[in-house]
Amino acid sequence: MTKKLFIKTYGCQMNVYDSVRMADVLAPLGYRPTEQADDADMIILNTCHIREKAAEKVYSELGRLRQLQEKRTQEGGRLLLGVAGCVAQAEGEEMLRRAPQVDLVFGPQTYHRLPEMVTRVLGRVSGASGLVDTDFPAESKFDALPEEAASQGAAAFLTIQEGCDKFCTFCVVPYTRGAEFSRPVSSLLDEAKKMVATGAAEITLLGQNVNAFHGEGPDGKTWGLGRLLRALAEIDGLARLRYTTSHPRDMDDELIEAHRDLGVLMPFLHLPVQSGSDRILDAMNRRHTAEDYLRIIDRLRGARPDIALSSDFIVGFPGERDQDFADTLKLVTEVGYAQAYSFKYSPRPGTPAAAVEDQVDETVKAERLAMLQQLLNAQQLAFNQGSVGRVVPLLLERKGKFPGQLVGRSPHMQSVHVQAPDRLLGKIVQVEIEGAHANSLSGRVQTDIFTSDHDMAAPSREIRTA
Ligand code: 5AD
Ligand code: SF4
């Protein structure tokens, strides 16, 4: 019997990937994905803990879903409610106390056990207390997960590592996702080949600390990310590679050389620095200086002159003074970002920075954030304006808001709107950029005659895009 599964995904691309995998493992139990929560037999909230008040937002969503669940029970049916992801991991049993209507609370390392958990819950009467699984099992969930079934389309995501051992003092990830774990290279190559066979032209490698990757290679040796990228670049039909999110300390020579040598590795890197002040970087336990970061950027630009950069910033970290913030603005000016994310520091219970006395006033944080965002927005607009008049290869990923419109990504991760027929979805086309806005570009398709999938404008393995 077919049942309907609705997964609401919050947060990062890792969660998007995990949601696809959850749908895959539940398919043998008869669950098929639905876009509507209203008619679902099971709803899973795949949660994220990185933002402020994340847990509170999940509890209010659960409050709303409770009504749907009660209505279903009155009609003689049953709606299972599950909470996955980092909030589930952090809250554990507490979640069942505060939201007793929840059937399943399970952490990011347990998704392969989902069918068993669902079967156990279904075997219980409706209303029995829920199940919690927030273990970090010894076996890897990746080994136990079945091969991915559903195609992710033209732009696919592949999780290559999970967890983090860096312990930045503001961050919950080492606690919610656990220790750093890298998948073996051979299974990654197999999965990537399948993705390409089912329509992927671009693969983005994912991990909380993706460039800390150190997976076991087919030769029995440990491979770093640079080596993995080289092997992936050999896959026929794969036109684009990206990876996110990286830590400056793990930008090793091999990885920088991959940017020099691989045309398929897109000229865009999200490399969070968080702050431009050495004092704050030290307090954050980032274990590098502003100068170290700038030197890495120089080397990346030496290897790949057209590389565009992105970062995350935190303002108002405990103890941050005006001078520290000025150092951040200085670093931003020196680097010149194509885009960036910036946040006010918000304490995460259980992390070292949350216990520091010297917290920054909220109004100061807000002022600093506004100043930083003004600078970053100006840089982003200038970067986008610099694209006008250029011809760039665009991977058309989805339909736009208006009829006849498609949206694609440039090599530099810019969203570009074009008028193009639907048959070009999933293809790479050459587009002349005509207009630039803060968050997107518009352009005109130059070529639309194709002999096969993403053949034309795929950057050649030797020659780089402009
Ligand atoms: N407060 C504010 N921002 C945070 N981030 C992570 N933890 C916190 C926190 N406690 C930001 C960092 C990280 C991004 C994913 O979220 O900038 O790189
Ligand atoms: Fe968190 Fe990233 Fe630091 Fe790891 S490297 S602790 S994921 S901010």
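Treat the numbers as computed from the prediction; the structure is a model and nothing was measured.
At a cut-off of 3.5 Å, with distance as the only test, no side-chain donor of Q274 or Y293 sits close to an acceptor on the other residue. For the residue pair N439 and Q380, a side-chain donor N or O sits within less than 3.5 Å of a side-chain acceptor on the partner. In summary, the side chains of Q414 and S387 do present a donor paired with an acceptor at a separation below 3.5 Å, with no hydrogens or angles considered. For the residue pair Q161/E180, the side-chain donor-acceptor check at 3.5 Å is satisfied. One side chain, S346 or R348, offers a donor N or O that lies under 3.5 Å from an acceptor on the other.
Proximity of the aromatic rings of Y243 and H259 is defined here by a centroid distance below 6.0 angstrom, and this criterion is met. Taking the six-membered ring where the residue is Trp, the centroids of Y175 and F167 are separated by under 6.0 Å. Taking the six-membered ring wherever Trp is involved, the centroid distance between the rings of Y111 and F106 falls below 6.0 Å. Between F383 and H412, the distance from one ring center to the other falls under 6.0 angstrom. Two rings, from F402 and H417, have their centers 6.0 Å or more apart.
Under the side-chain contact (heavy atoms from CB on, under 4.5 Å) criterion, E434 pairs with R444, not counting sequence neighbours. With sequence neighbours excluded, the residues satisfying side-chain hydrogen bond (donor to acceptor under 3.5 Å, both in side chains) with S19 are T9, N46. Listed by chain and number, the residues in a side-chain hydrogen bond (donor to acceptor under 3.5 Å, both in side chains) with K57 amount to none (sequence neighbours excluded).
In terms of modelled atom types and a separation under 3.5 Å, the side chain of T328 and the main chain of G276 share a donor-acceptor contact. Checking side-chain atoms of N15 against main-chain N and O of T47 turns up a donor-acceptor pair under 3.5 Å. Remark: side-chain polar atoms of N384 are paired, donor with acceptor, to backbone N or O of A438 under 3.5 angstrom. No donor-acceptor pair under 3.5 Å is formed between the side chain of R240 and the backbone N or O of M266. The backbone N or O of Y337 lies less than 3.5 Å from a partner atom in the side chain of Q379, making a donor-acceptor pair. No side-chain donor-acceptor contact under 3.5 Å links H437 to the backbone of G435. Under the 3.5 Å distance criterion, the side-chain polar atoms of R242 are matched with a main-chain donor or acceptor of P411. Here the side chain of S187 pairs no donor or acceptor atom with the backbone of R183 at under 3.5 angstrom. Although no hydrogens or angles enter the test, the distance criterion places no donor-acceptor pair under 3.5 Å between the side chain of T176 and the main chain of C86. Checking side-chain atoms of R409 against main-chain N and O of M413 turns up a donor-acceptor pair under 3.5 Å.
Taking 4.5 Å as the limit, some side-chain heavy atom of Q405 sits within range of a side-chain heavy atom of Q419. Between K193 and L238 the shortest side-chain heavy-atom distance does not fall below 4.5 Å. Between W223 and P218 the shortest side-chain heavy-atom distance falls below 4.5 Å. By the 4.5 Å heavy-atom criterion applied to side chains, L205 and L228 are counted as neighbours. In this structure the side chain of V431 never reaches within 4.5 angstrom of the side chain of Q446, judged on heavy atoms. The side-chain heavy atoms of D103 and L131, taken from C-beta on, include no pair separated by under 4.5 Å. The shortest distance between side-chain heavy atoms of V83 and M95 falls below 4.5 Å.
Taking CG of L269 as the start and CD1 of I256 as the end, the distance is 9.5 Å to the nearest 0.5 Å. Considering OG of S275 and CG of L331, their distance stands at 8.0 Å, rounded to 0.5 Å. Remark: D250 CG to L255 CG distance equals 9.0 Å, nearest 0.5 Å. Rounded to the nearest 0.5 angstrom, K4 NZ and I43 CD1 are separated by 12.5 Å. Interatomic distance, E202 CD to L241 CG, rounded to the nearest 0.5 Å: 8.5 Å. The distance from atom CE of M42 to atom CZ of R78, rounded to the nearest 0.5 Å, is 11.0 Å.
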- [ ] Might you work through the side chain to side chain contact (heavy atoms under 4.5 Å, CB included) test for V121 and L80, ending with a clear yes or no?
- [x] CA-CA 9 Å; V121 166; L80 290 190; 3.8 Å; yes

Open item on the list: Walk me through whether L406 and D422 qualify under side chain to side chain contact (heavy atoms under 4.5 Å, CB included).
Closed with: CA-CA 7 Å; L406 298 182; D422 285 0; 3.8 Å; yes

Task: L81 vs Q69, side chain to side chain contact (heavy atoms under 4.5 Å, CB included): CA-CA, chis, key distance, verdict - done: CA-CA 8 Å; L81 270 187; Q69 204 184 26; 3.8 Å; yes

Task: Intermediate values then yes/no, side chain to side chain contact (heavy atoms under 4.5 Å, CB included), I44 and L104 - done: CA-CA 9 Å; I44 296 176; L104 276 170; over 6 Å; no

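Minimum interatomic distance between N209 and S246 (heavy atoms only, all atoms of both residues): OD1-C, 4.5 Å.
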